[in-house]
Amino acid sequence: MVPKLSIQNVSFDYGDGATALRNISLDIMPHELFVLFGPSRSGKSTLLRLLNRLSDLLPVGQMHGRILFDGQDIFARGTDVFDLRRRIGMVFATPTPLPGSIYENLTYGLKMAGIKDRRVLDERVARSLQQAALWEEVKDRLADSAFALSGGQKQRLCLARSLALEPEIVLLDNPTSGLDPISTSIVEESLYELKQQYTIVMVPHSMQQAARVADRAAFMLDGEIVEVGAQKDLFVYPQDKRTEDYVSGRFG
Amino acid sequence: MRVLSRQQTQKVATFLITTVATLVVIPVLLIILMIFYNGMSAISWEFLTQPPRNGMTEGGIMPAILGTILLTLGTAVAAIPLGIGAAIYLAEYAGDNALTRTIRLAIVNLAGIPSIVYGLFGLGMFVLFFQFGTSILAGSLTLGLMTLPIVISTAEEAILSVPQAFRTVSYSVGATRWQTIRHQVLPNAMPGIITGIILGLSRAIGETAPILFTVAAFYLPNLPTSVFDQTMALPYHLYVISTQVPGMPLQVQYGTALVLLLFTLSLTFVATMIRSAMRRRREW
C-alpha cells in the first residue's frame with residue numbers, strides 16, 4: 001500500500017542550536033490512526049507542525065529531509081501551502097474558537113477558500129458537526145458565540161472546523177488536554193468514525209490514551225524515533241529498552 | 001540609629017506618594033472649573049450658530065467650530081490610512097532589518113518634533129511646494145502628519161494584542177497572511193485602533209501652531225466651499241481674540257476656550273466609551 005504521508009530523513013533545528021528533530025523517517029498509511037507519543041519536548045508537536053507547514057510561521061528553524069504527501073514533496077518550490085493546509089487539517093491542544101458565531105467558525109476556512117454558496121456551507125457545517133459529535137448539542141444555536149460553548153464543546157468545534165474543509169489528513173495535537181474524562185471519551189470515540197474517512201496523526205494527552213486509540217504508534221525521545229509499531233507491539237511487546245521503560249512508567 | 005522605624009518610613013512614603021499623585025488632579029480640575037465658570041455665560045444658541053460680528057466682540061463662533069470639525073475630518077482622512085498601513089506593516093510584516101529600524105526611528109522622531117516645526121514644514125511642503133495654498137487640504141495634511149505617531153503606535157499595540165492563537169488557527173485552515181490580517185487581526189484590533197485614532201485627533205485638533213501658516217484665517221466672511229479654501233478654527237480663533245484684538249470681552253474668550261475644551265473632551269470621552277464597550281464585548 002502507498003503511504004499517505006512519507007517522512008524521509010527529516011531533521012529540524014531551531015536557530016539556537018537546539019536540535020528538535022533528528023533524522024526522522026516514518027510512513028503513515030491511509031485511514032490509520034497514527035500516534036506520536038513520548039515525554040514533553042521530544043519533538044512530537046514540531047514534527048506535527050512540519051506536516052502541514054505551519055512550521056513556516058516560525059521565525060527561525062532549518063529543516064532537512066523530505067515529506068511526501070501522496071508522493072508529492074510538500075516543501076517543494078511551487079507547493080500551494082494554503083491548499084496543503086486545507087487538505088491537512090489541524091486541531092490544537094488549547095481549544096481556540098475564533099471570535100464569532102459557531103457557524104462563522106465552521107465556515108471560515110471555506111469562505112477563505114472562496115466557497116460562498118450558502119447550501120454548500122450549510123451542508124458542510126451540519127456534516128462536520130455530526131462527525132465531531134457536536135451537532136445535537138448546537139444545531140439550534142449555530143448563530144451563538146463560539147465562546148459560549150463549554151471547553152469540551154469548543155474542542156469538538158475546533159475538530160469540526162478542520163473537518164468542514166473535508167481534509168484528507170487530520171493532525172491532532174493533544175486535542176484532549178484540559179478536557180474532562182467524559183469529553184475526552186466523546187472525542188476518542190469520534191476518532192473511530194473519523195478514520196474511516198480521514199487519515200489521523202495524533203499526539204496524545206497521555207501514554208494511556210496512546211494505547212487506547214492508536215492503530216500504530218511511534219515512540220519519540222529527544223527528537224528521535226525510538227520505535228515504531230502496531231499498537232500491540234509497542235505497548236505490550238516493546239523491543240527497545242527505552243520504549244519499555246517509558247511504557248511501563250519507569251520514566252516520563 | 002534609625003530615626004523612624006520601618007513601619008513609620010512606610011507610612012511617610014505612602015503619604016508622600018499619594019499626595020503627589022493627588023496633586024496631578026488639581027491643575028486639571030482647576031483648568032476645567034475655571035473655564036466652565038468663566039465661559040458658561042457666553043454659551044448660547046447664538047454663540048454656537050452665528051458668525052462673529054462687530055470686530056469679533058459680538059455674535060458667535062460658528063465658522064471656527066465648523067472649521068475645526070472640517071479639520072478633524074480632514075486630519076482623520078489623512079492620518080488613518082497611512083497610520084493603519086504603517087501599523088500593519090510594523091506589527092505583521094516587518095522583520096528586524098535596517099528598513100524597519102529606520103521606520104521606527106522616524107516615528108519616534110515624528111512624535112518629538114515641536115508643533116511649530118510641523119507648521120513651518122506644512123507651509124513649505126503643502127502650501128508652497130505642492131501649491132495647495134493656505135487651505136483645509138494643507139492644514140489637514142499637516143495635522144495628519146502630526147497625528148501619525150500616536151495612530152501608528154496605538155494601532156500597532158492593538159494589532160499585537162490580538163492573540164497569536166487566532167492567527168495560527170486562521171493559517172491552519174488555509175487562510176493567507178492577508179486574509180488572516182483582514183478577517184481575524186484587524187476586526188479584533190479595531191477597538192484599540194479607533195481609540196488611538198480619536199485620541200490622536202483630539203490631541204492634534206487643539207493645536208494652533210500647525211494650522212497657523214497652513215490653513216487658519218483670522219476672519220472670513222464666507223464659509224469654506226472646498227478643500228482649497230481657508231477656514232477659521234477654534235484654537236487659532238482663541239489665540240487671535242486673546243492676543244490680537246483689543247477690548248475683547250473676556251466672556252467671549254472663555255466661551256471659545258470652553259467650546260474647544262468640550263470638543264476635545266468629548267472626543268476623548270467617545271474614545272473611552274468605544275474602548276470600554278468593545279472590551280465588554282470581547283470574549284477572549
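Quick note on labels: first sequence line is chain A, next is B, and so on, each numbered from 1. Everything quoted here is computed from the prediction, not taken from an experiment.
The backbone N or O of B:T268 sits less than 3.5 Å from a side-chain atom of B:T272, completing a donor-acceptor pair. Between the side chain of B:Y89 and the backbone N or O of B:T100 there is no donor-acceptor pair closer than 3.5 Å. Side-chain atoms of A:S101 come within 3.5 Å of backbone N or O of A:E104 as a donor-acceptor pair.
Every residue was checked against the salt bridge (Lys or Arg N to Asp or Glu O under 4.0 Å) condition with A:K111, not counting sequence neighbours, and none meets it.
Checked for salt-bridge contact, A:R124 and A:E166 meet the test: a charged N lies under 4.0 Å from a carboxylate O.
Between B:R167 and B:V185 there is a side-chain heavy-atom pair separated by less than 4.5 Å.
For A:P97, the part sitting under 4.5 Å from any heavy atom of chain B is the backbone (N, CA, C, O) and nothing else.
Of all the listed residues (A:L98, A:T96, A:T94, A:D80), the one sharing the greatest number of non-hydrogen pairs under 4.5 Å with chain B is A:L98. Interface remark: of the candidates B:P187, B:S170, B:G95, B:G174, B:G174 forms the most heavy-atom pairs closer than 4.5 Å to chain A.
Exactly one of A:L172, A:L159, A:V170, A:V187 qualifies for a side chain to side chain contact (heavy atoms under 4.5 Å, CB included) with A:L194. That residue is A:L159.
Within residues 45-57 of chain A, the residues approaching chain B closer than 4.5 Å by heavy atoms are, in numerical order, A:R49, A:L54, A:L57.
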